[in-house]
Number of protein chains: 2
Amino acid sequence: MPRGLRMRHLAMGPPWWHGRFHGAGFRITIPREAILEVLSKTQKHLSAEEIYLAVHRLHPAVGLTTVYRTLELLVHIGLVFKFDFGDSRARYELSSGPKGARHHHHLVCTACGRVIDYTDFIDEEVELLQQTEKGLAKKYNFKITNHLIQFYGLCDKCRSKE
Amino acid sequence: MPRGLRMRHLAMGPPWWHGRFHGAGFRITIPREAILEVLSKTQKHLSAEEIYLAVHRLHPAVGLTTVYRTLELLVHIGLVFKFDFGDSRARYELSSGPKGARHHHHLVCTACGRVIDYTDFIDEEVELLQQTEKGLAKKYNFKITNHLIQFYGLCDKCRSKE
DNA sequence: TTGTTAATGAAAACCATTTTCATTTATTGA
DNA sequence: TCAATAAATGAAAATGGTTTTCATTAACAA
């Protein structure tokens, strides 16, 4: 049986993101473990408070302040995306799991605030985006690390109410 | 010599957006005129306070509250776009002038916050976006009215500081 | 194990935005 | 042209998500 990285996961070794932390000189703490645990077990776009509540269930000692600070850190090192869907509170999402395959875009209903993730057309989009990124990077000497694509409109429910 | 509304604009006729207001049942007031005036004379992404300050120069009686309320209204009727560039204050931009040709996307520097508008590649993007919108609209029964595209990364100045 | 320093939690501060409410003003009908 | 009336406004207060402060705790290198 092969060893190495593979084994570490089957044997429940350190989570995949520990390396990212150590590499950047950050400490691995219980609140941080808990927050990443929560984020990695949901597909939803959680707000800081929702994350706090979920973490609080497991570790009541963890405070909201730490949740905010940790999220800021995670966004900074690129482990988490921060979104604004227009409801005056930020939403957070793991940018990619250990398998690194989560990228999606959003449909935001401007009437009820519902957010739909979609991955359809992502391939075509990504191809174009890469060309665009390349061109923009060159023209503006900009180092592009990320992009945000959101479509706004009315979801099926809100359409029928009109 | 003709009197009435016409005169107020030096025979230039009512601004192009008056129709949009009357049609939706909203009144045309001095603060609203002033706010649209300010928005139509800049290419920048102004914050509510910046708009307030600019309006204040012309009409000191106009308050910040009214600016917020008017912007909300303008966003609602689609005359203005509201953006979030991550600096904890919303930015506003006229969605289209009378000639309706202003659409662009943004490059946002995550280090210094600089925002660059670009219209390059817009044609190719728009073509793909239309296909995507069509597909998404069908699949999710979503009526898409708008989209947001932003690229994040480091601008030339911040790159060289690294 | 221990010393150093980052990380934390509670409470207070912050600040963009929203709400309240009394007053003003644009519009409509006489 | 002039009220009538309901929308719009401004000042001040409230709101609420997020950040800061500061004393305490805990991660981790030696």
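Quick caveat: nothing in here was measured; it's all calculated off a predicted structure.
- Here NZ of B:Lys134 is found 12.5 Å from CD1 of B:Ile144. Values are rounded to the nearest 0.5 Å.
- Under the side chain to side chain contact (heavy atoms under 4.5 Å, CB included) criterion, A:Ile30 pairs with A:His59, sequence neighbours left out.
- With a 4.5 Å cut-off on side-chain heavy atoms, B:Leu148 and B:Phe83 count as touching.
- Among residues two or more places apart in sequence or in another chain, the ring-ring contact (aromatic ring centres under 6.0 Å, His included) test is passed with B:Phe21 by B:Trp17.
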Validation: residues 70-78 of chain B side-chain donor-acceptor distances under 3.5 Å, sequence neighbours left out:
{"residue": "B:Thr70", "atom": "OG1", "partner": "B:Thr66", "partner atom": "O", "Å": "2.8"}

**OP:** Decide side-chain contact (heavy atoms from CB on, under 4.5 Å) for B:His18 and B:Leu36; before the verdict, give the C-alpha distance in whole Å, the side-chain angles of both, and the deciding distance to 0.1 Å.
**Re:** CA-CA 11 Å; B:His18 275 201; B:Leu36 278 158; over 6 Å; no
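- Look at CD1 on B:Ile35: it is 12 Å from C1' on D:dA8, rounded to the nearest Å.
- Partners of B:His147 under the side-chain hydrogen bond (donor to acceptor under 3.5 Å, both in side chains) rule, at least two apart in sequence or in another chain, are B:His103, B:His105, B:Glu133.
- Near DNA chain C, defined here as any heavy-atom distance below 4.0 Å, there are no residues from residues 50-59 of chain B.
- Taking atom CZ of B:Arg32 as the reference point, atom P of C:dT25 lies 15 Å away to the nearest angstrom.
- Partners of A:Arg20 by side chain to side chain contact (heavy atoms under 4.5 Å, CB included), not counting sequence neighbours, listed by chain and number: A:Leu79.
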Counting primed atoms, P, OP1 and OP2 as sugar-phosphate and everything else as base, the B/S/- map of nucleotides 15-25 of chain D against protein heavy atoms under 4.0 Å is --SBBBB----
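- A search for salt bridge (Lys or Arg N to Asp or Glu O under 4.0 Å) contacts involving A:Glu49 returns A:Arg89, not counting sequence neighbours.
- Without hydrogens or angle criteria, B:Thr145 side chain to A:Tyr152 main chain gives a donor-acceptor distance under 3.5 Å.
- Between B:Phe151 and A:Phe142, the closest side-chain pair of non-hydrogen atoms is not below 4.5 Å.
- Residues satisfying the side chain to side chain contact (heavy atoms under 4.5 Å, CB included) test with A:Lys44, not counting sequence neighbours, are A:Thr42, A:Leu46.
- Fit an axis to the five pairs at each end of the helix from C:dT1-D:dA30 to C:dA30-D:dT1 and the two axes sit 50° apart, to the nearest 10 degrees.
- Partners of B:His45 by side chain to side chain contact (heavy atoms under 4.5 Å, CB included), not counting sequence neighbours, listed by chain and number: B:Phe85, B:Arg91, B:Glu93, B:His104, B:His106, B:Val115, B:Asp117.
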At a cut-off of 3.5 Å, list every protein nitrogen or oxygen paired with a nitrogen or oxygen from nucleotides 27-29 of chain D, distance to 0.1 Å.
{"residue": "D:dA27", "atom": "N3", "partner": "A:Arg27", "partner atom": "NH1", "Å": "3.2"}
{"residue": "D:dC28", "atom": "OP1", "partner": "A:Ile28", "partner atom": "N", "Å": "3.0"}

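- Residue B:Leu36 contributes atom CG, which lies 15 Å from atom C1' of D:dA8 at whole-angstrom precision.
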